[in-house]
Number of protein chains: 2
Amino acid sequence: MKTLPGKTVERLSQYRRALASTLAANRNYVFSHELAAMLHITAVQVRRDLMLIGYGSVMRKGYDVRELISTIGSIIDAPSGLNVAIIGMGNLGRAITGYFRGKRTNMNVVAAFDVDPQKVDKVVAGVRCYNISQMRKLREELDIMVAVLAVPADQAISTASLLVSNGIKGIMNFTTVPLNVPDAIYLEEFDMITSIEKVAYFVKENQQPEG
Amino acid sequence: MKTLPGKTVERLSQYRRALASTLAANRNYVFSHELAAMLHITAVQVRRDLMLIGYGSVMRKGYDVRELISTIGSIIDAPSGLNVAIIGMGNLGRAITGYFRGKRTNMNVVAAFDVDPQKVDKVVAGVRCYNISQMRKLREELDIMVAVLAVPADQAISTASLLVSNGIKGIMNFTTVPLNVPDAIYLEEFDMITSIEKVAYFVKENQQPEG
DNA sequence: AAAACATTGTTAATTTATTAACAAACAATA
DNA sequence: TATTGTTTGTTAATAAATTAACAATGTTTT
Ligand SMILES: NC(=O)c1ccc[n+]([C@@H]2O[C@H](COP(=O)([O-])OP(=O)(O)OC[C@H]3O[C@@H](n4cnc5c(N)ncnc54)[C@H](O)[C@@H]3O)[C@@H](O)[C@H]2O)c1
Ligand SMILES: NC(=O)c1ccc[n+]([C@@H]2O[C@H](COP(=O)([O-])OP(=O)(O)OC[C@H]3O[C@@H](n4cnc5c(N)ncnc54)[C@H](O)[C@@H]3O)[C@@H](O)[C@H]2O)c1
């Protein structure tokens, strides 16, 4: 299959989450407009995304929830699951680790890393924290592909290059420091202040974003 | 000024952050291509965004960093600052509260709210936690406009309607529950699992998102 | 079993967002 | 002071994302 647009990938992840809650509510079928309402988007958008992943089999009473969940999984999930490490077991690192626990996803947080002896060897939400010096060894042993970077700002750049040189393939960067990584490494960044400033702007303008 | 596209607002916030670090490095002017490099975007994009906010005065040696910071502020910031509350002082609530501390922004986290007696009346990173029952009163007294929702999933919907009925104008939703709020309330949502699943997908595909 | 209705998949149209192209505005250099 | 080089602001072109339109397919109602 052709590589999907990033936006579609994001929505597929969200559809799956919405579908899981649909299932939890004992509904076995959903219409495109129901899925749309849950995500605050249009039904056409939903249908178009599902078209892109070639989701066919449908009766005229909506999509088969279980089937769609599994189809989405077959598209966006790595076949054998994907191992994730948290780098920096501070407030944010702990919040993320806790968040993953119990979520039924195809991803596993298999390790955390820190430099602080107080954090090392502790277990949080079932995840053990190792000294960052063991990164190379454990990266390989545990087959860690993706790192969530949650270290202090002044450690961000050096830690990111350590990750890259140790064979990490994707980085989710929560620090506010813009990272430079090789093209082959997929980098995603998020900053709450940007998000909240956006909320603030549109609250001030008292309207929705144009476009 | 015409309402800006949401994407541009996001980038303005990021420009400002990048500009602050430029200033910290004792540079008083930046070129569009330098700003672009810091955000991994193109110089044209930068120039176009600045055009949209009508940023004029420029000598031929780049943008005046201080001036640009203040111009961006005059566009995206609320004139008198904007007060924010954290709803749910758990792991994530604490991480966000700590994150705001010391960040020079126009926004202030002025209160947190929780139901747990263990959390109420405690102070974290300079922010006091109140019982949620005091929300209405304090919302008004402290002029809280924006709420960051970080309560357990099963409390999300009821808490959101409480926020709305108490006069909150914008919500940053970190729970995984899709909220329904009146049109007049600006709603922004974020889910780490979606972001990390996106990283995972493009790592698997071993390429960048198309488009 | 015909008519009316509901829902999908897909193509076409529209709208947004990004990128390219380039004249104008200097600054530096010869 | 001409010439060369940089960098901007803006218009035009391109590309991406969303929305609209609608035929096809089946379901329900009469
Ligand atoms: N993007 C966002 O929305 C957002 C929100 C909150 C925090 N943050 C950022 O995330 C980062 C962490 O925030 P926090 O509140 O958890 O901070 P924190 O200080 O609580 O945690 C940082 C952790 O990193 C560890 N650490 C330090 N140097 C390290 C190294 N070289 N290698 C591995 N671990 C190291 C520290 O020991 C500590 O445990 C900060 O950069 C902060 O600005 C971002
Ligand atoms: N979007 C993301 O990326 C992301 C990441 C981490 C956590 N989360 C979500 O954020 C939420 C909080 O996560 P957490 O790890 O901080 O959980 P947590 O359990 O540590 O914290 C939740 C807090 O909310 C309080 N609370 C419960 N009911 C409340 C109510 N009615 N009003 C006010 N406060 C109430 C609890 O006392 C607790 O302090 C969860 O919904 C979680 O799924 C989202």
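Proteins get letters first, then strands, A, B, ... in listed order; numbering begins at 1 in each.
Relative to the side chain of A:S32, the nucleotides C:dT8, D:dT7, C:dT10 differ in distance, and C:dT8 lies closest. Across D:dT11, D:dA21, D:dA17, the shortest atom-to-atom separation from the side chain of A:R47 is found for D:dA21. For A:V44, the listed nucleotide lying nearest its side chain is D:dA21; candidates were D:dA21, C:dA17, C:dT8. Nearest to the side chain of B:F31, among D:dG9, D:dT8, C:dT7, sits D:dT8. The side chain of A:R48 has D:dT18 as its nearest neighbour among D:dT7, D:dT18, C:dT8.
Judged by distance alone, the side chain of A:R94 and the main-chain N or O of A:M89 form a donor-acceptor pair under 3.5 Å. Between the side chain of B:E34 and the backbone N or O of B:F31, at least one donor-acceptor pair lies under 3.5 Å.
If you measure from atom CD1 of A:I53 to atom C1' of C:dT10, you get 15 Å, rounded to the nearest angstrom. Rounded to an integer number of Å, the gap from A:D49 CG to C:dT8 C1' is 15 Å. The separation between A:L4 atom CG and D:dA16 atom P is 14 Å, rounded to whole Å. Spacing between atom CD of B:Q45 and atom C1' of D:dT8 amounts to 16 Å, rounded to whole angstrom units. Between the CE atom of A:M51 and the P atom of D:dT19 there is a distance of 16 Å, rounded to whole Å. Atom CG in A:L50 sits about 11 Å away from atom P in C:dT10, given to the nearest Å. Taking atom OH on B:Y55 and atom P on D:dG9, their separation rounds to 8 Å, with Å as the unit. Note: CD1 (A:I41) to C1' (D:dA20) measures 16 Å, nearest angstrom.
Contact annotation: the side chain of A:I168 approaches that of A:I171 to within less than 4.5 Å [non-hydrogen atoms, C-beta and beyond]. Considering only heavy atoms from C-beta on, A:F190 stays 4.5 Å or farther from A:N173 through its side chain.
Between A:D77 and B:K204 no salt bridge is recorded (no basic side-chain N to carboxylate O distance below 4.0 Å).
In this model, the phosphate group of D:dG9 is approached by a side-chain N or O of B:Y63 to a distance below 4.0 Å at OP1 or OP2.
Mapping B:V30 and A:T8 onto DNA chain D via the closest heavy atom, the residue that lands nearer the 5' end is B:V30.
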